[in-house]
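Given the structure is predicted, the values throughout are model-derived calculations rather than measurements.
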Amino acid sequence: MDAAELLKRYAAGERNFQDVNLMRASLSEVNLCGIDLTGANLFEANLSGANLGGANLSQANLTNATLIGANLIRVNFREASLKGAQSGEANFRGAILQNTNLSEANMGGASLIEADLHEANLSRTKLVEAALNGSNLSNTNMTHVNLSRACLDRANLAHSILTGAILDAAKLSEVNLSKADLTGANLRVAQLKQANLRNANLSWATLRGANLSNVNLYRANLSWTNLTEATLTDAMLMDANLRRATLIDTDLKNANLSGAVMPDGTIHN
């Protein structure tokens with residue numbers, strides 16, 4: 001089936017196009033709202049500016065597809081592949097992206113507000129200035145993801161892997177990063193007010209100038225972490241590991257350091 005036939009049948013009222021082969025199809029700016037493309041092959045297809053609101057694309061192959069500026073509100077992408085896809089400025093609000101492969105995709109400026117990305121693969125994905133407010137990113141592979149200047153306020157990233165991630169100037173207020181692995185991550189001047197980093201691994205991370213006021217860092221690993229000029233007022237650092245951490249001009253006013261291992265290896269009383 002080619003794109004022309006698909007559009008003709010869609011215009012006639014047909015919605016079920018499961019397992020259809022639309023490899024490299026040109027479908028930019030088309031209206032396919034509510035279409036069922038479960039298991040479809042859309043490899044390198046052009047869907048830029050398309051309206052796919054409420055569509056079912058579960059298990060579809062969208063590898064290297066173009067989705068720039070597309071309307072993807074509440075689309076079901078469960079177990080689909082969007083590896084290497086170009087989806088900058090696309091609207092994924094409320095989309096289901098569970099177990100979806102988004103590795104190496106370019107999603108700069110995309111809206112993923114309240115999207116469900118549980119156990120998705122976001123390794124080396126570009127999400128610069130993306131909006132992920134309230135999204136579910138728990139148990140997600142985000143190794144070397146680029147979230148520079150992205151907004152993740154109130155997002156759930158519990159148990160996620162963010163080793164080597166770029167989160168400089170990101171907004172992470174009230175985010176849940178409990179038991180997340182942020183080894184070597186760049187969180188320079190990030191906003192983490194009231195974030196939950198309980199049992200998180202931040203070893204070798206850069207938090208220079210970050211705002212960590214009222215943050216929960218209970219039993220967090222902050223060894224060799226750069227906290228120069230960071231704000232940790234009223235932070236909960238009980239039993240945290242700060243061995244070899246850099247605390248130059250760090251604001252620890254009213255922080256609770258009970259049982260914490262300090263940079264010199266001593267235990268804070």
Side-chain angles (χ1 to χ4, degrees), residues 107-113 115 117 122-138 140-237 240-242 244-255 263:
M107 306 176 77
S111 174
L112 292 118
I113 296 171
L117 293 122
L122 289 157
S123 176
R124 299 187 185 279
T125 303
K126 295 178 182 178
L127 285 155
V128 177
E129 297 182 351
L132 293 118
N133 317 52
S135 58
N136 180 13
L137 290 148
S138 58
T140 300
N141 178 5
M142 304 176 80
T143 307
H144 296 291
V145 68
N146 189 344
L147 285 157
S148 181
R149 300 184 303 282
C151 184
L152 295 107
D153 292 341
R154 299 176 302 283
N156 180 12
L157 290 97
H159 300 272
S160 288
I161 301 171
L162 290 135
T163 53
I166 301 172
L167 291 142
D168 63 297
K171 297 178 181 178
L172 297 148
S173 296
E174 300 179 56
V175 71
N176 181 6
L177 281 159
S178 60
K179 296 186 178 179
D181 187 353
L182 289 139
T183 304
N186 177 4
L187 290 140
R188 188 181 60 82
V189 300
Q191 298 297 312
L192 288 142
K193 282 186 63 175
Q194 299 178 28
N196 180 7
L197 284 150
R198 185 185 178 102
N199 292 299
N201 185 1
L202 289 147
S203 59
W204 296 97
T206 299
L207 285 149
R208 187 182 186 110
N211 185 349
L212 294 142
S213 57
N214 294 102
V215 72
N216 183 353
L217 284 158
Y218 174 70
R219 289 190 174 176
N221 183 3
L222 292 152
S223 59
W224 297 95
T225 301
N226 185 350
L227 289 157
T228 301
E229 298 176 351
T231 301
L232 286 139
T233 55
D234 299 301
M236 291 172 278
L237 286 150
N241 181 7
L242 288 154
R244 302 292 184 181
T246 303
L247 298 173
I248 299 172
D249 294 326
T250 304
D251 187 351
L252 288 158
K253 183 179 179 181
N254 297 326

Review point. Yes or no on side-chain contact (heavy atoms from CB on, under 4.5 Å) for R198 and R219, after CA distance, side-chain angles and deciding distance?
Key: CA-CA 6 Å; R198 185 185 178 102; R219 289 190 174 176; 5.9 Å; no

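- The main-chain N or O of N211 is never found under 3.5 Å from a side-chain atom of T231 such that the two would form a donor-acceptor pair.
- For the side-chain contact (heavy atoms from CB on, under 4.5 Å) with L202, the lone residue among N221, N226, L187 that qualifies is L187.
- Put simply, the side chain of D153 gets close to the backbone of S173: a donor and an acceptor are under 3.5 Å apart.
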Just list the side-chain donor-acceptor pairs under 3.5 Å for residues 244-255, sequence neighbours left out, or say none.
{"unit_1": "T250", "atom_1": "OG1", "unit_2": "L227", "atom_2": "O", "d": "2.6"}
{"unit_1": "T250", "atom_1": "OG1", "unit_2": "L247", "atom_2": "O", "d": "3.2"}
{"unit_1": "D251", "atom_1": "OD1", "unit_2": "K253", "atom_2": "N", "d": "3.1"}

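- By the salt bridge (charged side-chain N to carboxylate O under 4.0 Å, His left out) test, R149 pairs with E129, sequence neighbours left out.
- Side chains of T183 and N201: a donor-acceptor N/O pair is present below 3.5 angstrom, by distance only.
- Partner of L207 under the side-chain contact (heavy atoms from CB on, under 4.5 Å) criterion, out of L232, T228, T225: T225 alone.
- Nearest approach of A190 to L172, heavy atoms of both residues: CB-CD1, 4.2 Å.
- With values rounded to the nearest 0.5 angstrom, D181 atom CG is found 10.5 Å from N141 atom CG.
- Paired with L137 under the rule side-chain contact (heavy atoms from CB on, under 4.5 Å), one option of N156, L152, V175 passes, and it is L152.
- Taking CG of L242 as the reference point, atom CG of L222 lies at 5.0 Å (rounded to 0.5 Å).
- In plain terms, the two heavy atoms of S135 and L117 that are nearest each other are CB-CD1, 4.4 Å.
- Here L127 contributes atom CG and S148 contributes atom OG; the two are 11.0 Å apart, rounded to the nearest 0.5 Å.
- In this structure, N186 CG and L167 CG are separated by 7.5 Å, a value rounded to the nearest 0.5 Å.
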**Study point:** Full working for side-chain contact (heavy atoms from CB on, under 4.5 Å) between T140 and L157
**Key:** CA-CA 7 Å; T140 300; L157 290 97; over 6 Å; no

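- Side-chain contact between S213 and D234 is absent, with no heavy atoms from C-beta onward closer than 4.5 Å.
- Here the CZ atom belonging to R154 is positioned 13.5 Å from the CG atom belonging to N176, to the nearest 0.5 angstrom.
- Taken from OG in S160 to CG in L182, the straight-line distance is 9.0 Å, to the nearest 0.5 Å.
- Side-chain contact between N199 and S178 is absent, with no heavy atoms from C-beta onward closer than 4.5 Å.
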